[in-house]
Asks: 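First the structure, then my questions, so here it is.
These values consider heavy atoms only, across backbone and side chains, with no hydrogens, waters or symmetry-generated copies.
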Amino acid sequence: MKHPVLRRTTIAALCACWPLAAIADDIRNPMNVVVISGTRAEHTSFDLPAAIDVVDPAQIGAAQLRVNASEALAAVPGVVVRNRENYAQDLQISSRGFGTRSAFGVRGVRLVADGIPATMPDGQGQAATFNLDVAERIEVLRGPFSALYGNHSGGVVQLFTREPTDKPTVEASFTGGSYGQRKLDTNASGRSGGIGYLIDASRFETDGYRDHSAATRDQAYAKLVVEPTSTSRLVITASGLRQDDTQDPLGVTWDTFRRDPRAGEIDTTDTQSPQRTLADRYDTRKSIDHQQFGATFEQRFGQDRLQVTAYGGNRRVIQFQSFSRGFQAPATHSGGVIDFDRDFYGIDANWRAVRTVAGGTLRTTAGLEMAQSKDARQGFENFIGTTFGVKGNLRRDEQNDVTSVDPYVQVEWERDQWVLTGGLRQSRVDFDVEDRYLSNGNDSGGTDFRHTTPLVGVLYKISPTLNVYASAARGFETPTMNESFYSGTGGGFNFALEPAIGTHLEIGAKAMVARGVRVNAAVFQVKTKDELVVDASSGGRTSYRNASATLRQGGELSVDAELGAGWNARIAMSMLHAIYDEGFGAVPKGSRLPGVPKSSFYGELGWMEAAGRYGVALETVANSRVYAEDTNTAQTAPGYAVVNARVQASQQFGGWRLRQFARLNNLFDRDYVGSVIVGDANRRYYEAAPGSNWLLGVSAQYQF
């Protein structure tokens with residue numbers, strides 16, 4: 001049954017939208033924004049035959065900390081972004097039901113920042129590398145069109161940083177809030193000697209809502225923009241993220257969550273301290289040190305264009321996990337401490353040509369994308385004698401290499417009311433493992449995955465204010481290196497895993513139904529074979545297997561409205577039927593995919609003073625219940641609806657601009673499960689979301 005609050009909210013939203021279709025005929029298109037995602041070139045989103053949403057600067061910085069992408073993406077239909085209140089494991093992002101099985105980081109959704117992948121060639125990404133302090137916009141592409149970005153199933157989330165200001169500008173901001181949250185950010189921007197620059201540095205600290213969840217995050221970003229000639233442009237970026245000893249609170253059982261949402265799970269094997277939690281006993285934590293750089297060169301030849309992007313970086317991670325003291329580790333066990341040092345780099349070169357063909361405009365983009373990551377990976381026991389949470393004996397030592405090579409081509413032909421699109425991408429992903437720890441057997445080996453991804457799409461312009469479209473594609477998703485590390489409950493590398501192959505279909509409509517009112521609607525279906533599912537999960541180690549076929553069918557609706565007199569509204573809702581279309585093992589046919597809500601809703605009503613000096617808004621976020629594992633027999637995480645409020649103000653004094661905001665989240669202090677850890681063998685599925693909490697922020701900007 002749908003959650004009653006969600007049901008009432010959905011009905012109210014539909015009733016509110018109905019009169020919009022009957023408003024008078026004089027309609028303009030003020031919300032027809034230009035996007036890059038989908039065609040890799042500037043394109044109006046209204047005329048693109050794909051489901052794509054743009055999160056603008058006002059939404060990204062809408063009285064928020066600007067730490068988690070979940071803050072900015074809550075209003076995007078079809079996407080569920082869960083802040084796990086666990087900075088050691090990053091966000092959980094799912095798009096149309098893909099990505100929920102990820103034990104950490106982002107899986108099934110491709111992440112890109114300024115044209116540089118934040119997703120490794122095996123498909124594992126880290127949303128924490130997104131710097132929201134310098135974000136100009138975030139584009140979220142879902143459905144068949146995203147298949148042309150390669151190894152993923154759910155969609156593409158692409159962040160673009162803002163351009164340097166013409167005049168030198170400096171800014172400092174401070175935000176504080178509940179649970180010891182505090183963030184200081186400073187940035188500068190301008191142009192000098194023909195070079196535009198943007199630099200930013202921030203520190204975020206929190207004591208954590210959940211027990212054993214404190215974190216400190218330092219982030220830095222720099223961008224240089226040079227235009228050597230009137231037809232060329234070079235953009236150089238560099239960024240870094242550092243988190244030392246970020247505490248991991250782990251998941252908890254349902255009984256523990258009901259007793260105290262903030263509590264950790266008690267370690268029942270600890271006879272000396274019977275009330276000590278697993279997280280405290282093993283001091284579960286993760287340290288991250290991530291740096292990367294990139295350069296994009298663009299040369300225009302009339303309407304044609306050559307673009308080359310190259311990037312590289314390093315990521316160092318040390319993670320201390322937990323497991324029961326009574327656990328007798330098999331010889332193949334890699335220990336409770338993960339220590340890896342990753343170098344990664346890649347290049348994407350493409351040529352775009354524009355020609356007149358058959359009375360219409362033909363735009364062709366052809367390119368080649370190559371990427372590689374090299375991990376020096378070790379594993380250690382997480383105890384010495386009777387002392388836990390320390391690096392012990394070596395249990396794993398290997399080199400993991402992943403390489404991808406993907407040529408692609410995409411064409412778009414437009415004439416009168418028709419836009420026809422086609423594309424093809426040939427993907428090859430190679431895994432190679434060199435095992436240097438041979439006392440437990442030799443796991444050296446390799447495997448490769450190859451797949452050709454086709455795309456077709458058509459859009460018809462019924463009128464200047466109404467477009468309809470249809471699109472279809474085949475996509476694929478390889479197992480990640482992390483998903484291949486274990487087989488069964490204790491085995492070594494699982495080279496037998498196959499990629500999941502999906503067939504995506506979508507039809508949709510985009511309409512400007514009134515002055516300042518835009519409606520996007522889409523229905524879709526995805527049939528996937530060899531879906532990757534959790535086989536076993538225990539002590540922070542998860543193994544996977546290929547399951548049977550899955551089916552995802554759903555619909556998305558978004559409404560953006562400027563209502564006049566300073567009022568504005570946004571509604572985003574999704575319905576998703578996601579099931580196993582064939583049974584396997586103990587999982588019967590028709591079982592719901594775990595971690596996937598059947599319905600989601602976001603609603604916002606705001607008011608802004610005409611000069612933009614102050615404003616207020618109310619937000620509602622709601623999700624229906626989700627299952628925690630494949631058989632659907634464990635306690636579900638119940639549905640919920642929370643209400644947030646914000647107020648903001650700004651003042652201008654000469655070159656100074658001051659801003660202030662206040663935000664209150666979860667106004668009615670509702671206890672609810674923010675996310676689930678799918679398939680945890682110890683039934684510690686649940687991660688609590690915060691109760692009622694507040695934020696206060698101030699900033700000062702000076703333009704010379």
Side-chain angles (χ1 to χ4, degrees), residues 1-3 6 78 80 92 94-103 107-109 142-144 147 152-155 254 451 472-479 483 487-489 494 496-507 523-537 542-556 574-600 623-639 673 675-681 683 685-686:
M1 175 181 289
K2 185 184 293 186
H3 189 271
L6 180 60
V80 178
Q92 190 181 85
S94 66
S95 175
R96 295 187 173 178
F98 293 97
T100 58
R101 76 168 186 273
S102 181
R107 181 68 184 104
V109 178
R142 307 174 302 286
H152 73 280
S153 294
W254 179 248
H451 189 73
R474 291 289 298 276
F476 92 122
E477 178 178 303
T478 72
E483 290 168 341
S487 57
T489 58
N494 189 354
L497 289 176
E498 296 289 337
I501 307 297
T503 301
H504 300 247
L505 304 173
E506 176 179 319
I507 59 174
V523 294
F524 60 88
Q525 174 179 282
V526 186
K527 289 187 175 182
T528 305
K529 64 179 182 179
D530 289 328
E531 182 95 30
L532 287 160
V533 300
V534 173
D535 185 22
S537 179
T542 304
S543 60
Y544 295 85
R545 58 174 289 187
N546 289 106
S548 57
T550 59
L551 173 67
R552 293 169 173 86
Q553 296 173 318
E556 300 164 356
S574 310
M575 298 293 294
L576 178 60
H577 178 66
I579 62 169
Y580 289 107
D581 212 21
E582 297 175 0
F584 63 98
V587 180
K589 177 181 179 180
S591 297
R592 295 275 305 176
L593 268 63
V596 180
K598 186 176 182 180
S599 52
S600 300
N623 285 291
S624 61
R625 67 176 181 172
V626 299
Y627 291 97
E629 42 75 53
D630 293 323
T631 66
N632 296 175
T633 57
Q635 169 66 47
T636 60
V673 176
S675 62
V676 296
I677 302 171
V678 171
D680 185 83
R683 305 179 73 84
Y685 306 119
Y686 312 99

Asks: With distance as the sole test, does T100 use its side chain to make a donor-acceptor pair with the main-chain N or O of V596 at under 3.5 Å?
Replies: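 No, T100 side chain to V596 backbone: no donor-acceptor pair under 3.5 Å.
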Asks: Compare every heavy atom of A637 with every heavy atom of Y686, then report the nearest pair and how far apart it is.
Replies: CE2-N, 4.4 Å
Asks: So, for V587 and T631, which heavy atoms are closest and what is the spacing to 0.1 Å?
Replies: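 Smallest interatomic distance, heavy atoms only, reads CG2-CG2, 4.0 Å.
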Asks: Can you name the nearest heavy-atom pair linking A634 to Y685, along with the distance?
Replies: CB-CE1, 3.6 Å
Asks: Determine whether a donor-acceptor pair (N or O, by modelled atom type, separation under 3.5 Å) exists between the side chain of N546 and the backbone of E498.
Replies: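 Answer holds: yes.
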Asks: Would you tell me whether D630 and Y580 have side-chain atoms, one donor and one acceptor, within less than 3.5 Å of each other?
Replies: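 Checked: D630/Y580 side chains pair up, N/O donor to acceptor below 3.5 Å.
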Asks: Check the pair I501 / T528 against side chain to side chain contact (heavy atoms under 4.5 Å, CB included), numbers first and verdict last.
Replies: CA-CA 5 Å; I501 307 297; T528 305; 6.0 Å; no
Asks: Hey, does the side chain of Q525 reach the backbone of R552 with a donor-acceptor pair shorter than 3.5 angstrom?
Replies: no
Asks: Any Lys/Arg nitrogen of R107 or E477 sitting under 4.0 Å from an Asp/Glu carboxylate oxygen of the other?
Replies: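 Looking at E477 together with R107, the answer is yes, because their closest N to O distance falls below 4.0 Å.
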Asks: If we ignore angles and hydrogens, is there a donor and acceptor under 3.5 Å between the side chains of T550 and D581?
Replies: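 No, no side-chain donor-acceptor pair sits under 3.5 Å.
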Asks: So does R96 pair up with E556, basic N to acidic O under 4.0 Å?
Replies: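 Salt bridge flag = yes for E556 with R96.
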Asks: Might you point out which heavy atoms bring Q92 and S675 nearest each other, and give the distance in Å?
Replies: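 Smallest interatomic distance, heavy atoms only, reads OE1-CB, 4.0 Å.
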Asks: Considering all heavy atoms of both residues, which atom of E506 and which atom of R142 are nearest to each other, and what is their separation?
Replies: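 It is OE1-O, 4.0 Å.
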Asks: So does R545 get a backbone contact from the side chain of E483, meaning a donor-acceptor N/O pair under 3.5 Å?
Replies: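 No: the side chain of E483 does not pair with the backbone of R545.
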